[in-house]
Asks: 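Sharing a structure below in structure tokens format, with a few things to ask.
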2 protein chains.
Amino acid sequence: MTSRRTTLADVATAAGVSTSTASRVLNGGAAVAEASAVRVREAAATLGYRLNPQARSLRTGRDTTIGLVVEDFNIALFARIASAVVAAAESRGVHVVIATSGTGASEQRGIEALASRNVAGLVVVEGRAGTAYLDHVGHTRPTVLVDAARPHPSIDTVTVDNHGGGRQATERLIAHGHTSIAFVGSEPSAKTVYRRYEGYAEALTAAGLPVRPELVAWAGLGVAEATESLRTVVPGWQGVTAAFTAVERTTAGLLVALAEHGRQSVEVMCFDDMDLGAVTVPPLSALAQDADTIGRCAAEMLFERIDGLDLPARHVQVPLQLVDRSTAPPHVGRPTTLPEPGRAADRLTTSGPRHPARLRQEEG
Amino acid sequence: MTSRRTTLADVATAAGVSTSTASRVLNGGAAVAEASAVRVREAAATLGYRLNPQARSLRTGRDTTIGLVVEDFNIALFARIASAVVAAAESRGVHVVIATSGTGASEQRGIEALASRNVAGLVVVEGRAGTAYLDHVGHTRPTVLVDAARPHPSIDTVTVDNHGGGRQATERLIAHGHTSIAFVGSEPSAKTVYRRYEGYAEALTAAGLPVRPELVAWAGLGVAEATESLRTVVPGWQGVTAAFTAVERTTAGLLVALAEHGRQSVEVMCFDDMDLGAVTVPPLSALAQDADTIGRCAAEMLFERIDGLDLPARHVQVPLQLVDRSTAPPHVGRPTTLPEPGRAADRLTTSGPRHPARLRQEEG
DNA sequence: CTGAAAGCGCTTACAG
DNA sequence: CTGAAAGCGCTTACAG
């Protein structure tokens with residue numbers, strides 16, 4: 001539509017030097033006479049020159065763009081993580097190309113979509129693909145795996161303690177005097193969710209309580225689907241006084257089902273905090289994932305790899321925050337790392353112990 | 001790390017033809033002997049060839065990648081729109097590069113970040129930048145503006161009827177017998193929100209009710225900030241029996257403030273639906289934006305432009321859905337285009353009249 | 001129907 | 001300190 005963009009050759013001509021020299025000036029590094037340098041910079045400014053990253057990438061074989069593979073943006077946590085990754089990339093002047101795999105689908109397709117461009121690295125949120133496949137990708141270019149169920153032997157990961165979180169949530173409910181506690185998840189094949197389930201079961205067992213299969217509901221991935229499923233399950237939960245929802249998207253459905261059966265006195269604790277959790281019936285206590293930190297960590301670790309860091313796989317575990325909105329316990333103060341819960345949390349929040357982010361080195 | 005990727009030259013060599021011929025086969029179009037074509041395709045398959053989009057882009061001056069500029073992914077509506085845009089792009093084999101501008105910031109920075117690569121087109125979600133600037137961008141390359149406050153004279157837009165929505169929400173509250181209705185927004189400078197405010201005011205006036213400034217709260221952009229602000233405002237709302245929150249992120253804060261002052265009987269209607277809205281106190285009625293349709297429309301309109309459609313600016317208005325969760329009105333059935341509200345909506349939802357998407361042609 | 005050649009915008013040894 | 005030249009992987013007139 002408008003005229004051709006200005007190119008390095010234009011700048012060089014305007015400055016009266018060769019493109020080689022212009023390139024050296026603009027990229028820094030090699031020694032250039034100050035007089036030439038000044039003329040080049042002036043010309044670049046006047047002409048509004050911006051280098052063409054694709055051309056550079058083609059020539060050098062390196063690309064500064066990174067790829068971000070996300071299962072589904074509609075999952076609030078993933079959107080928040082993506083947001084943090086993009087922000088971190090931008091502050092480094094790096095572009096982010098996105099691919100999605102679709103809820104519950106393997107990220108393999110998304111990764112392949114990005115593999116055709118030579119992105120500098122990959123952040124992969126959600127690890128459903130087979131280990132063999134990830135091995136391949138992880139060795140092809142710098143990669144960081146986020147929300148993996150467990151550390152990958154040879155790829156950097158940013159995780160959360162799903163098992164410990166499940167256990168902590170359940171222990172809290174037990175501490176509140178509950179002995180009949182239901183579990184709600186999406187699908188047992190979702191590995192992070194299954195680890196939360198294991199934590200739930202472990203807490204029960206440790207307290208001498210039975211793990212009763214009829215109190216464990218796998219409600220599916222969709223919001224509508226979960227609601228439907230929980231409607232039929234809740235009536236069977238006769239002695240139940242508390243529930244742990246291990247997946248954010250099932251929580252609304254559980255509350256609807258509870259309301260329909262007049263069971264609003266059930267105490268509910270869920271994985272992932274929601275702004276509205278303070279004003280639902282029942283109120284929602286939560287183990288909050290710090291999406292900001294997760295995303296920022298992932299981006300930073302990736303950049304270190306891109307910059308050439310040559311170390312065995314590193315694994316960072318971002319701490320969870322317990323937000324207790326049950327009416328029983330006293331107020332203990334607002335945790336500072338809580339993802340913006342609104343001041344409502346001031347009165348309603350109890351924070352669990354804080355674990356500093358743990359960085360383990362493994363022998364790759 | 002591993003060996004060089006296979007290139008078109010590799011394929012050509014393996015097939016015993018020139019790169020010209022290989023290129024013709026793989027791109028279709030030009031006539032090629034069937035025998036050669038077969039050999040090329042086989043070679044490509046065997047070697048796992050994938051073309052390098054950057055190289056093609058450099059050569060042709062065209063790029064299939066599109067840019068997506070979003071104010072902030074943490075805003076649920078924007079994340080859902082982005083999701084739909086990405087999905088539409090993927091189904092066309094097109095990559096999406098993302099830039100964010102940060103909450104409340106102009107998208108100008110984000111656009112500039114993408115301008116250095118020659119993306120085929122741009123979807124810009126949120127229109128804070130000056131018209132002059134957008135004019136420039138919109139004439140440089142195909143662009144679609146989403147969530148603009150009003151149709152842009154010369155750029156394709158996908159909007160929602162903010163004014164009508166504000167009016168409709170308020171009218172519904174008036175129909176329920178309310179005469180003292182508060183308004184909650186973020187900032188008057190947020191143009192879409194201001195249009196909702198105008199609709200609110202218009203509905204009041206049309207009903208012979210006064211627009212009372214002390215019932216209009218501009219609570220700011222952040223969740224925490226809004227809560228804090230509403231805490232101080234709500235006590236002054238003595239006769240108020242209903243409220244319209246024009247911004248999703250202010251809603252949690254309003255409910256917290258209402259709860260703290262024992263005002264849970266206030267009827268609340270908000271812009272943008274939330275899954276938990278069915279189980280809050282008070283329950284949340286909503287004007288739901290159909291993020292899926294918005295995103296898909298934007299992507300499709302952009303592709304039409306990229307494919308060379310040469311028409312004056314087009315403007316699509318995606319209809320809003322009224323979700324009435326107040327206890328008063330009878331059940332009328334679930335609107336089919338509602339963005340997955342969960343089956344909870346079955347019992348709690350009343351849908352307003354449906355307007356088919358309107359496509360207006362303007363003389364750009 | 002096919003290939004040799006030029007060129008997209010850049011970087012980088014290589015000579016000077 | 002500087003420029004001419006080659007080349008990254010592709011496409012596309014141009015000849016044949």
Side-chain angles (χ1 to χ4, degrees), chain A residues 3-41 43-44 47-65 93 95 114-120 141, chain B residues 3-41 43-44 47-65 93 95 114-120 141:
Chain A
S3 55
R4 196 173 61 78
R5 271 186 45 199
T6 76
T7 139
L8 186 61
D10 300 332
V11 175
T13 305
V17 299
S18 70
T19 57
S20 317
T21 300
S23 175
R24 288 189 194 103
V25 172
L26 267 17
N27 291 313
V32 171
E34 190 50 25
S36 318
V38 170
R39 290 208 310 281
V40 168
R41 275 191 282 269
L47 301 177
Y49 171 71
R50 271 186 316 237
L51 86 64
N52 179 332
Q54 332 221 39
R56 165 188 275 171
S57 161
L58 184 59
R59 173 59 237 237
T60 62
R62 283 173 263 118
D63 193 325
T64 68
T65 303
H95 292 167
L114 295 185
S116 63
R117 30 172 97 225
N118 43 8
V119 289
R141 48 167 62 83
Chain B
S3 55
R4 196 174 59 78
R5 271 187 46 200
T6 76
T7 139
L8 186 61
D10 299 334
V11 174
T13 305
V17 298
S18 69
T19 55
S20 318
T21 300
S23 174
R24 288 189 194 106
V25 172
L26 267 16
N27 291 313
V32 172
E34 189 51 27
S36 317
V38 170
R39 290 208 310 282
V40 169
R41 274 191 282 268
L47 301 177
Y49 171 70
R50 271 184 316 235
L51 86 64
N52 180 332
Q54 332 221 41
R56 166 187 277 170
S57 161
L58 183 59
R59 173 59 236 238
T60 62
R62 282 173 262 119
D63 194 325
T64 68
T65 303
H95 291 168
L114 295 184
S116 64
R117 31 173 96 225
N118 42 9
V119 290
R141 48 167 62 83

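Note that the structure is a prediction, hence the values are computed from the model and not measured. Labels below follow one simple rule: chain letters A, B, ... track the order of the sequence lines, proteins then strands, and each chain is numbered from 1. Values below: all heavy atoms of this structure, side chains included; hydrogens, waters and symmetry mates excluded.
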Asks: Nearest 0.5 Å, please: how far is OG1 in B/T21 from CG in B/L26?
Replies: 11.5 Å

Asks: Does the side chain of B/L8 come within less than 4.5 Å of B/S23's, by heavy atoms?
Replies: yes

Asks: Quick one: what's the B/S/- string for nucleotides 9-16 of chain C, heavy-atom cutoff under 4.0 Å, read 5' to 3'?
Replies: BBBBB---

Asks: Across the strands shown, which category fits A/S36 at heavy-atom distances under 4.0 angstrom: base, sugar-phosphate, nothing?
Replies: sugar-phosphate

Asks: Under the criterion side-chain contact (heavy atoms from CB on, under 4.5 Å), I'd like the reasoning laid out for B/R56 against B/N27: C-alpha separation, chi angles, the key distance, then a yes or no.
Replies: CA-CA 11 Å; B/R56 166 187 277 170; B/N27 291 313; 2.5 Å; yes

Asks: Using every non-hydrogen atom in the two residues, find where A/L58 and B/L58 come nearest and quote the distance to one decimal.
Replies: CD2-CD2, 3.3 Å

Asks: Could you provide the dot-bracket string of DNA chain C, using ( ) for intrastrand pairs, [ ] for crossing pairs and | for bases paired to another strand, with Watson-Crick or G-U pairs below 3.5 Å?
Replies: |||.||||||||.|||

Asks: So which atom in B/S57 and which in A/Q54 form the shortest heavy-atom distance, rounded to 0.1 Å?
Replies: OG-NE2, 3.5 Å

Asks: In whole angstrom, give me the gap between the C1' atoms of D/dG16 and D/dT12.
Replies: 16 Å

Asks: Kindly determine whether A/N52 and A/T7 satisfy side-chain contact (heavy atoms from CB on, under 4.5 Å), including the steps that lead there.
Replies: CA-CA 8 Å; A/N52 179 332; A/T7 139; over 6 Å; no

Asks: Could you list the donor-acceptor pairs under 3.5 angstrom formed by side chains in residues 33-41 of chain A, with sequence neighbours left out?
Replies:
{"residue": "A/R39", "atom": "NE", "partner": "A/A15", "partner atom": "O", "Å": "2.9"}
{"residue": "A/R39", "atom": "NH2", "partner": "A/A15", "partner atom": "O", "Å": "3.2"}

Asks: Within the 4.5 Å heavy-atom criterion, are B/R24 and B/V17 side-chain neighbours or not?
Replies: no

Asks: Looking only at atom P, what distance separates D/dG9 and D/dA13, rounded to whole Å?
Replies: 23 Å

